[in-house]
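Have a look at the structure below before the remarks.
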Amino acid sequence: MAVEVVVVAVVTLLLLLMSFLKKPAGLPPGRWGLPGIGYPPINRRPLDDQLAELHRQHGDIYLWRIGTQVMVFLHNYKLTREAFSRPEFINRPDWRIFKRLVYECNAGVVGSEGQVWQNNRRFTIRQLRDLGMGKSRMVSVVQQEARFLVEALQKQTGRPAPVPHALTVSTVNVLWQMVASKRFHVDDPVVFELEKLIDDTLANMTLISLPDFLPWLSMLLPWALQKRLFNLDIVDAMRERFSKFCVKLIEDHLATLDRERPRDLIDAYLLNMNENDCNSSASMTDLSKMIFDMFTAGSETTTNTLTWLFYFLATYPEVQRKLQAEVDRVLPRGTLATLEDRPRLPYTEAVIHEVHRKASVTSMGVQHAAVQETLLGDYLIPKGAVIISAVASMHHDPRYWDHPDQFLPDRWLDHNGNFNTQKEGFLPFGVGKRRCVAEALVRMELLIFTSALVQTLHFSPPPGRKLDMRHDSRNPFSHLALQQDLLITVRD
Ligand code: HEM
């Protein structure tokens with residue numbers, strides 16, 4: 001009898017343990033692993049290759065639990081569009097990068113949720129539109145920055161050198177004239193410092209985000225050790241510097257605010273503001289986070305896209321020649337593009353779109369989170385699961401693209417040579433409810449910058465070398481171009 005009791009107890013315990021360890025029924029297939037640890041990414045193969053293998057194994061939707069985070073990957077365009085258009089997938093994960101990197105509250109646009117997000121997103125889109133985003137009003141501002149960039153690049157012609165800091169300054173300046181009526185001088189130490197903080201944070205993203213995946217580590221380890229292990233000094237430096245930068249901008253605006261004539265996004269926000277509650281979409285903290293979001297979401301993405309453009313032009317000289325020929329035909333020397341020229345620059349548009357596709361700067365989009373337990377396709381998605389669009393994979397999927405690995409701008413042109421925005425499988429700015437708020441501005445900026453640059457300059461690898469077209473593996477969430485020498489020459 002005693003033996004029977006022990007056997008029953010052991011079997012019950014084993015069954016309980018198995019049900020505790022087993023992936024709950026109904027969830028997508030994939031890597032589940034152990035509670036609290038999940039299935040750690042110990043394999044040293046590039047993340048893109050591992051995702052490709054999981055895609056082959058499990059299909060368009062699968063999960064990978066890392067630490068405590070259940071991550072659901074989507075490799076299908078229609079499924080991604082469906083998910084990101086539904087309110088059940090509107091949240092952001094509870095990760096440091098979204099919620100606590102600089103301001104510890106529900107604020108700004110990129111990481112906020114609920115009513116705060118709705119108010120701020122609506123406000124930002126309206127402001128950018130009223131201030132001329134994608135319209136002729138902004139054209140002269142963008143042209144001025146394009147001219148400034150060409151001049152800056154001319155200074156380094158004839159000798160191999162990395163893409164200069166002037167590129168970041170010019171992309172920040174386009175945005176900053178809308179956000180703060182301000183442009184920075186190329187030698188302004190502030191942009192340099194802020195850019196370096198963003199670069200350091202992105203390059204150390206794996207370590208910085210470790211506590212998001214293994215939150216129990218924070219309970220076990222002394223604070224001093226955590227700071228060292230997770231590079232939290234970088235986060236502290238970012239927090240301190242950006243807070244100071246935003247506060248100074250807001251103070252300057254308050255001191256010169258004219259209620260009748262709001263100059264920019266900050267003025268418009270200040271006129272809307274009436275309280276100072278950290279979690280309200282009308283507070284100083286919220287405005288600071290909004291400024292931070294604009295700077296971080298806007299500068300690195302655009303700068304990185306243009307850096308990839310330089311690398312692709314240098315690597316594919318025949319594409320560069322064709323692009324130069326189109327620009328020479330349409331724009332007399334010294335004349336910069338306007339929005340009216342867009343239909344006459346189909347190849348320029350095609351090259352820019354092909355760079356978006358091949359580089360896939362936001363290679364995994366920006367992560368969403370499930371607000372509640374819900375069904376997606378045939379699967380149950382648990383509350384809090386992180387939803388990731390495998391953008392780079394979709395941008396190279398043969399279901400959507402012929403010869404996906406080749407750099408072929410002509411794929412964007414129809415039989416008559418007109419530019420044809422192919423939508424299926426293309427999502428550099430995301431899809432659905434949280435789609436990028438600045439797509440129209442970026443499209444206009446890239447058209448004017450690209451045509452201005454190739455009109456005067458030629459890009460090539462340093463003599464006898466090839467450019468390294470791999471991306472910087474230190475940041476698993478995006479495809480950052482590797483810093484390397486490039487040879488820029490002035491065209492005859
Ligand atoms: C080449 C340049 C850019 C690319 C590739 C890009 C891409 C993206 C992507 C993929 C998302 C996420 C969509 C989602 O959550 O599903 C996003 C969101 C966002 N982008 Fe951009 N972006 C670019 C430039 C900019 C610029 C210049 C700004 C400046 C205003 C900006 C502001 C934002 C904001 C505020 C969001 C958050 C939207 C939300 O959460 O509702 N982006 N962008």
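Counting convention: from 1, in listed order, for ligands and their atoms alike. Side chains included, hydrogens not; waters and symmetry mates left out as well; all remaining heavy atoms used. For this chain, numbers begin at 1 and follow the sequence in order.
Residue contact check: Gly430 has heavy atoms under 4.0 Å from atoms 10 (C) of ligand 1. Taking every heavy atom of Met294 and a limit of under 4.0 angstrom, the matching atoms of ligand 1 come to 30 (C). Contact atoms of ligand 1 toward Arg121: 38 (C), 39 (C), 41 (O) (distance under 4.0 Å to a heavy atom of the residue). When each atom of ligand 1 is checked for a heavy atom of Val366 under 4.0 Å away, the hits are 11 (C), 12 (C), 15 (O). Every atom of ligand 1 is numbered from 1 in the order shown, and the set under 4.0 Å from a heavy atom of Trp117 is 39 (C), 40 (O), 41 (O). Listed by number with element, the atoms of ligand 1 under 4.0 angstrom from any heavy atom of Leu175 are 29 (C), 30 (C). Near His368, meaning under 4.0 Å from one of its heavy atoms, ligand 1 places the atoms 14 (C), 15 (O), 16 (O). Heavy-atom proximity to Pro428, at under 4.0 Å, picks out these atoms of ligand 1: 5 (C), 7 (C), 10 (C).
Salt bridge status for Lys196 with Glu193: absent, with no side-chain N to carboxylate O gap under 4.0 Å.
Contacts between Arg434 and ligand 1, counted as non-hydrogen atom pairs separated by less than 4.0 Å, involve both the backbone and the side chain. Contact annotation for Thr305 and ligand 1: only side-chain heavy atoms (C-beta onward) come within less than 4.0 Å of the ligand.
Residue Thr301 holds the heavy atom nearest to atom 23 (C) of ligand 1 of all those in Thr124, Thr301, Leu265. When the heavy atoms of Arg443, Glu445, Arg92 are ranked by distance to atom 15 (O) of ligand 1, first place goes to Arg92.
Residues Tyr62 and Leu51 meet the side-chain proximity criterion, which asks for heavy atoms closer than 4.5 Å. Contact annotation: the side chain of Leu457 never approaches that of Phe310 to less than 4.5 Å [non-hydrogen atoms, C-beta and beyond]. Two residues are said to be in side-chain contact when any heavy atoms from C-beta on lie closer than 4.5 Å; Asp60 and His55 meet this criterion. With contacts defined as side-chain heavy-atom distances shorter than 4.5 Å, the pair Phe242/Ile291 does not qualify.
Panel note: side chain Thr450, backbone Leu447; no donor-acceptor pair is recorded below 3.5 Å.
Closest to atom 18 (C) of ligand 1, if we only count protein heavy atoms, is Cys436 CA, 3.7 Å. Residue, atom and distance of the protein heavy atom nearest to atom 25 (C) of ligand 1 are Ala297 O, 3.6 Å.
At a 3.5 angstrom cut-off on N or O pairs, His356 does not count as close to ligand 1.
A parallel orientation is assigned to the rings of Phe312 and Phe407, their planes being inclined by less than 30° (bins at 30° and 60°). Between His165 and Phe192, the two ring planes are perpendicular [angle over 60°; tilted spans 30° to 60°].
Taking the six-membered ring where the residue is Trp, the centroids of Phe426 and Tyr400 are separated by 6.0 Å or more.
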